[in-house]
Amino acid sequence: MSTRIAFLKGHGTENDFVIVPDPENAIDLPASAVAALCDRRAGIGGDGLLHVVRSAAHPEAAAMAAEAEWFMDYRNGDGSVAEMCGNGVRVFARYLQRAGHTAEGDLAIATRGGVKTVHLAKNGEVTVGMGRALLPEGDVSVRVGERGWPARNVNMGNPHAVAFVTDLDHAGDLHIQPPFEPAAAYPDGVNIEFVVDRGPRHVAMRVHERGSGETRSCGTGACAVAVATARRDGADPAVTGTPSTYTVDVPGGTLVITEHPDGEIEMTGPAVIVAEGEIDAAWLEGVLT
């Protein structure tokens with residue numbers, strides 16, 4: 001292991017990440033190391049970790065190398081692997097811009113959820129093509145204490161259960177995953193969003209992200225919420241031929257989600273790099289022993 005391991009810290013609507021640039025995939029980052037780095041008291045602190053690797057250098061991304069030079073090897077805060085992270089993609093793109101790997105305009109980023117298109121705007125906003133939502137059939141419900149709600153099953157490359165409530169406080173302590181049924185609907189766990197209305201095409205949400213607990217924002221979750229809300233409101237762009245746009249307030253800010261008639265979903269929001277430095281290699285080796 002190198003004695004100098006660079007890192008950066010960034011966030012998208014306060015969904016924050018440790019960023020580890022590793023173009024040639026030379027740094028071993030097992031789950032224990034990721035969890036230690038994301039620890040908010042004993043590590044750097046973050047909801048997750050963005051491992052920045054060239055697609056050609058990573059076995060899970062090599063097949064996407066012709067489409068996207070860079071692979072977002074995303075890990076949850078507990079070290080587990082995740083398919084996608086919408087806020088993470090924006091921060092990942094901002095890092096690539098900061099490092100001189102890309103400029104304003106369009107680029108492609110490989111993820112476990114496929115290749116995502118990203119636009120870096122002059123005003124600092126970042127728009128991500130999040131792909132299409134899948135709406136698996138079957139009833140799903142979530143529960144907090146004595147309260148329970150039906151939920152909409154939405155898959156954005158990762159699973160979500162979207163529940164509409166009258167008060168976001170009813171979601172309780174989201175650091176622990178609320179129970180859901182049926183268990184077979186989400187064999188690998190689920191992100192759970194609780195949603196209230198704020199106005200026409202305007203909602204607010206709180207979220208439990210599997211592997212991270214409650215976070216200040218969840219990009220794929222905001223997309224799932226926008227789709228679930230549109231369907232609740234009787235809006236389906238594939239039927240009407242008109243794009244559907246929702247403003248989604250999260251505890252850490254605001255995201256704008258647009259679903260197009262072809263099913264493609266775009267998410268727009270900020271992405272900020274706040275610090276950079278070096279990880280102490282001896283400390284990291286210590287957490288691996």
Side-chain angles (χ1 to χ4, degrees), residues 1-22 26-53 72-92 94-95 98 144-145 158 168-169 171-179 188-194 205-222 249-253 255 269-289:
M1 182 177 292
S2 170
T3 57
R4 295 169 64 90
I5 305 168
F7 82 92
L8 298 89
K9 182 70 182 289
H11 76 92
T13 50
E14 299 183 9
N15 194 189
D16 63 333
F17 309 96
V18 178
I19 305 163
V20 179
D22 182 22
I27 301 173
D28 185 26
L29 286 173
S32 58
V34 172
L37 287 166
C38 291
D39 189 294
R40 295 192 182 279
R41 293 186 180 273
I44 296 169
D47 293 321
L49 183 142
L50 305 175
H51 185 206
V52 184
V53 184
M72 185 181 77
D73 176 17
Y74 180 69
R75 319 290 183 85
N76 293 313
D78 65 355
S80 60
V81 171
E83 302 91 340
M84 244 298 283
C85 176
N87 288 317
V89 172
R90 296 202 319 278
V91 175
F92 191 96
R94 178 69 73 221
Y95 162 74
R98 179 189 180 102
V144 175
N158 57 359
L168 289 179
D169 287 342
D173 179 0
L174 289 179
H175 293 290
I176 298 174
Q177 180 170 276
D188 299 317
V190 63
N191 305 286
I192 300 177
E193 289 81 25
F194 295 86
M205 62 175 264
R206 289 177 61 198
V207 58
H208 170 91
E209 287 197 67
R210 58 176 181 169
S212 298
E214 181 170 15
T215 59
R216 300 283 293 170
S217 180
C218 176
T220 56
D249 293 337
V250 295
L255 297 167
V272 181
I273 304 296
V274 299
E276 60 181 310
E278 292 181 357
I279 301 167
D280 185 273
W283 172 84
L284 187 56
E285 288 182 357
V287 305
L288 297 176
T289 59

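Nothing fancy with the numbering, it's 1 onward along the sequence.
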Quick check against the 3.5 Å criterion: does R94 have a side-chain atom that pairs as donor or acceptor with the backbone of V89?
no

Would you say T215 and E14 make side-chain contact, with heavy atoms under 4.5 Å?
no

Which is it for E278 and I5 under the side-chain contact (heavy atoms from CB on, under 4.5 Å) test, yes or no, and what are the steps along the way?
CA-CA 5 Å; E278 292 181 357; I5 305 168; over 6 Å; no

Using a 4.5 Å cut-off on heavy atoms from C-beta on, say whether the side chain of D249 contacts that of M205.
no

Salt bridge (Lys or Arg N to Asp or Glu O under 4.0 Å) evaluation trace for E83 with R210
CA-CA 12 Å; E83 302 91 340; R210 58 176 181 169; 2.5 Å; yes

Is there side-chain contact between H208 and E214, with heavy atoms separated by less than 4.5 Å?
no

Evaluate the side-chain proximity of V287 to S32: yes if any heavy-atom separation is below 4.5 Å, no if none is.
no

Quick check for you: to the nearest 0.5 Å, what is the distance between L168 atom CG and F194 atom CZ?
9.5 Å

Starting from the C-alpha separation in whole Å, work towards a yes-or-no answer on salt bridge (Lys or Arg N to Asp or Glu O under 4.0 Å) for K9 and E276.
CA-CA 6 Å; K9 182 70 182 289; E276 60 181 310; over 6 Å; no

Return yes if some donor-acceptor pair links the side-chain N/O of D22 with the main-chain N/O of I27 below 3.5 Å, else return no.
yes

Do L49 and L37 come within less than 4.5 Å of each other through their side chains, counting heavy atoms only?
yes

Once you round to the nearest 0.5 Å, how far does NE2 of H11 lie from CD1 of I273?
9.0 Å

From D73 atom CG to L29 atom CG, the distance as rounded to the nearest 0.5 Å
7.5 Å

Minimal non-hydrogen separation, S212 against N76, with atom names:
OG-CB, 4.0 Å

Could you pull out the closest heavy-atom pair between G48 and Y74, with the gap in Å?
CA-OH, 3.6 Å

Report the C-alpha distance between L8 and R98 in whole Å, list the side-chain angles of each, state the deciding distance to 0.1 Å, and finish with yes or no for side-chain contact (heavy atoms from CB on, under 4.5 Å).
CA-CA 11 Å; L8 298 89; R98 179 189 180 102; 3.8 Å; yes

Given side chains that start at C-beta, do those of L50 and M72 come closer than 4.5 Å, heavy atoms only?
yes

Looking only at side chains, do N158 and T220 share a donor and an acceptor under 3.5 Å apart?
yes

Nearest heavy-atom neighbours spanning G211 and S80:
CA-OG, 4.4 Å

Check step by step if side-chain contact (heavy atoms from CB on, under 4.5 Å) holds for I19 and F7.
CA-CA 5 Å; I19 305 163; F7 82 92; over 6 Å; no

Flag side-chain contact, heavy atom, 4.5 Å: F92 against C85:
no

With a 3.5 Å distance limit and no angle check, can you tell me whether R216 reaches the backbone of P251 through a side-chain donor-acceptor pair?
yes

R40 bridged to D16 by N-O distance under 4.0 Å:
yes

Write down the atom of A33, the atom of L284, and the distance for their closest heavy-atom approach.
CB-CD1, 3.9 Å

Could you check V207 against V250 for side-chain contact (heavy atoms from CB on, under 4.5 Å), going step by step and ending with a plain yes or no?
CA-CA 9 Å; V207 58; V250 295; over 6 Å; no

Answer whether the closest heavy-atom distance between the side chains of L255 and R90 falls below 4.5 Å.
yes

Minimal heavy-atom distance between C218 and E193, with the atoms involved, is SG-OE2, 4.4 Å

So which atom in S217 and which in N87 form the shortest heavy-atom distance, rounded to 0.1 Å?
OG-ND2, 2.9 Å

